[in-house]
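Structure first, commentary second.
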Amino acid sequence: MRRGAAGLAGAATALVLLAGYAGLDVADAVPGPLTTTPPPTAEPLPTAPAAVAPDAAPAPVLAPPGTAAPVPDPAALQARLAPVLADPALGPAPSAVVADALTGEVLLSLAADAPRTPASVTKLLTAAAALHVLGPGSRAATTVVRGTSPDEVVLVAGGDVLLSAGAGEPGAAAGRAGLADLAAATAAALREAGAGTVAVRLDDALFNGPAVSPGWGAGDVAAGYVAPIAPIAVDEGRLVPGRDAPRAADPALEAARTFARLLAEQGVAVAPADVDGGVARAAADPGAPVLARVESATTAAQVELMLTESDNTLAEVLGRRVAVATGRPGTFEDAGAAVTAAVADLGVDVTGVQLQGVSGLGRGTRLPARVLTDLLALATSDERPELSALLSGLPVAGVTGTLAERYRGESAAAAGVVRAKTGTLTGVSSLAGYVRDADGRVLAFAVLSDAVPAGASWGARRAEDALAAALAACGCS
């Protein structure tokens, strides 16, 4: 799979952050190990505009390297990585691929086509599908429409599970749209119409099927790792603040009850049962007049959040939105089929891909490492500029998201340099992303281990980090 000399143009914004985060950390603007131990690199990346003084000219974004940076010699690279891949913590049969991000040339291949349980690196496929099908600038709308009778209003779910219970924050990914704003706009429309007492109804029929996947662990919802999947929720159904906070059993209904209370606080006479939490479900008339509307952050912003924080709930919701947008029902099965089809439509060979849900929590999910590096190489090319948020959303080693606490000790030199998606389940550990090697070549890599020995999860992570760090230090031309 050859790429043009401008192949990394679509990745410029994302890859410049590899240096930008390093600069910000040195200035103590973000947490990380770099403040005291800046990562040594043979050819530092350009400084991000956010890391320079306000009166200084912004540094250019990362220019396409073309063919100036040499491609690693496959034999030398394989010799460098062989000891890491032989680490017993990765289990008896890890799979791994390293490819030149500019050309797609495979430089290392170990069981590249063998389907493995990938855990959360599955979200790379979900991200690509959402950006490709929904579009980076698309938004999910939550609306209130007139009901079938004059004394009813219907809250219509449109796929936003990041709603704020209060006012929306225009620049935020989570909480851009606020139920308080929606209630205020609805109240104004009702007053203008001279409405009396109204009943609040909920139409959450956008998604279908079970809200909880049989592929999830029995305690995943209770532990707050994921919420029951619905097309509307306040803060993804969290009952209290916190990443892994307990979730509502019915996030959509809880959102509707919150809306009813907020509407009453705006001075609207709302049926007492609704204010007390007795909101009923009812289908909205497709042609009903819209009273109020709020919109989520863009799909690109949601994808970035989903990847950085490895947000399982958001991943499953984005997958169902992809299913609905392609004419399928909004079920777990249809989301998996729709995401797979979208990745294939992008030109990636999806042979061996089997998705049970699209967050990576499903134990029945399988995919080959080759699919990940093929997708990552495609995302850096000028062929698919819509995929740029897939790159910018990847966690930065030692600095952000699920890599914030990694890349210490032996792999600390790669902190701020590696950008990758993590994946962890019991007995499963994976890592897939990008690194710029010591010669300045950008490489895509993936390592999947789904037979990690009991008690070796941390060892597997250290081995994966060591692999990425070895790539970063590789002057293997």
- Task: Please assess E309 against R243 for the test salt bridge (charged side-chain N to carboxylate O under 4.0 Å, His left out), listing each intermediate value before the final yes or no.
- Result: CA-CA 9 Å; E309 300 299 329; R243 173 188 166 93; 3.3 Å; yes
Main-chain N/O of [Y] paired to [X] side chain as donor or acceptor, under 3.5 Å:
| X | Y | result |
| --- | --- | --- |
| D235 | G237 | no |
| S449 | V452 | no |
| R247 | E236 | yes |
| R370 | L367 | no |
| D203 | A284 | yes |

- Would T400 and T308 satisfy side-chain hydrogen bond (donor to acceptor under 3.5 Å, both in side chains), going step by step from the backbone distance to the final call? CA-CA 7 Å; T400 63; T308 301; 5.6 Å; no
- Hey, what do you get for CD1 (I232) to OG (S296), rounding to the nearest 0.5 Å?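 Result: 11.5 Å between the selected atoms.
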- Message: Run the side-chain hydrogen bond (donor to acceptor under 3.5 Å, both in side chains) test on S430 and K421 for me, step by step, so that the C-alpha distance in whole Å, both residues' side-chain angles and the decisive distance to 0.1 Å come before the verdict.
- Response: CA-CA 8 Å; S430 54; K421 181 72 196 76; over 6 Å; no
Identify the two heavy atoms, one from [X] and one from [Y], that lie closest to each other, and give their separation to 0.1 Å.
| X | Y | result |
| --- | --- | --- |
| R408 | G398 | NH2-O, 4.3 Å |
| L305 | A174 | CD2-CB, 4.1 Å |
| A99 | T373 | CB-CB, 4.5 Å |
| V279 | A260 | CG2-CB, 4.1 Å |
| R419 | L394 | NH1-O, 2.5 Å |

Show every donor-acceptor pair shorter than 3.5 Å between a side-chain atom in residues 178-194 and any protein atom, with sequence neighbours excluded, or say none if there are none.
from: D181; atom 1: OD2; to: G168; atom 2: N; distance (Å): 2.7
from: T186; atom 1: OG1; to: L182; atom 2: O; distance (Å): 2.7
from: R191; atom 1: NH1; to: Q266; atom 2: O; distance (Å): 3.0

- In sequence, state the C-alpha distance, the side-chain angles, and the governing distance for E254 and R257, and then conclude on salt bridge (charged side-chain N to carboxylate O under 4.0 Å, His left out). CA-CA 5 Å; E254 285 299 318; R257 290 167 176 167; 2.8 Å; yes
Going by atom type alone, with no hydrogens or angles, which donor-acceptor pairs under 3.5 Å involve a side-chain atom of residues 312-323 and a protein atom two or more places apart or on another chain?
from: N312; atom 1: OD1; to: K123; atom 2: NZ; distance (Å): 2.7
from: N312; atom 1: ND2; to: Y225; atom 2: O; distance (Å): 3.0
from: T313; atom 1: OG1; to: A227; atom 2: N; distance (Å): 2.9
from: E316; atom 1: OE1; to: V358; atom 2: N; distance (Å): 3.1
from: E316; atom 1: OE2; to: V358; atom 2: N; distance (Å): 3.3
from: E316; atom 1: OE2; to: S359; atom 2: N; distance (Å): 3.2
from: E316; atom 1: OE2; to: S359; atom 2: OG; distance (Å): 2.8
from: R320; atom 1: NH1; to: N208; atom 2: O; distance (Å): 3.0
from: R320; atom 1: NH1; to: G330; atom 2: O; distance (Å): 2.9
from: R320; atom 1: NH2; to: P210; atom 2: O; distance (Å): 2.9

- Pairs touching residues 139-148 that satisfy salt bridge (Lys or Arg N to Asp or Glu O under 4.0 Å), sequence neighbours left out: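 Output for this query is empty, none listed.
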- Task: Please report the C-alpha distance between R293 and E295 in whole Å, then the side-chain angles of each, then the deciding distance to 0.1 Å, and finally whether the salt bridge (charged side-chain N to carboxylate O under 4.0 Å, His left out) criterion is met.
- Result: CA-CA 7 Å; R293 174 187 179 101; E295 293 186 339; 3.0 Å; yes
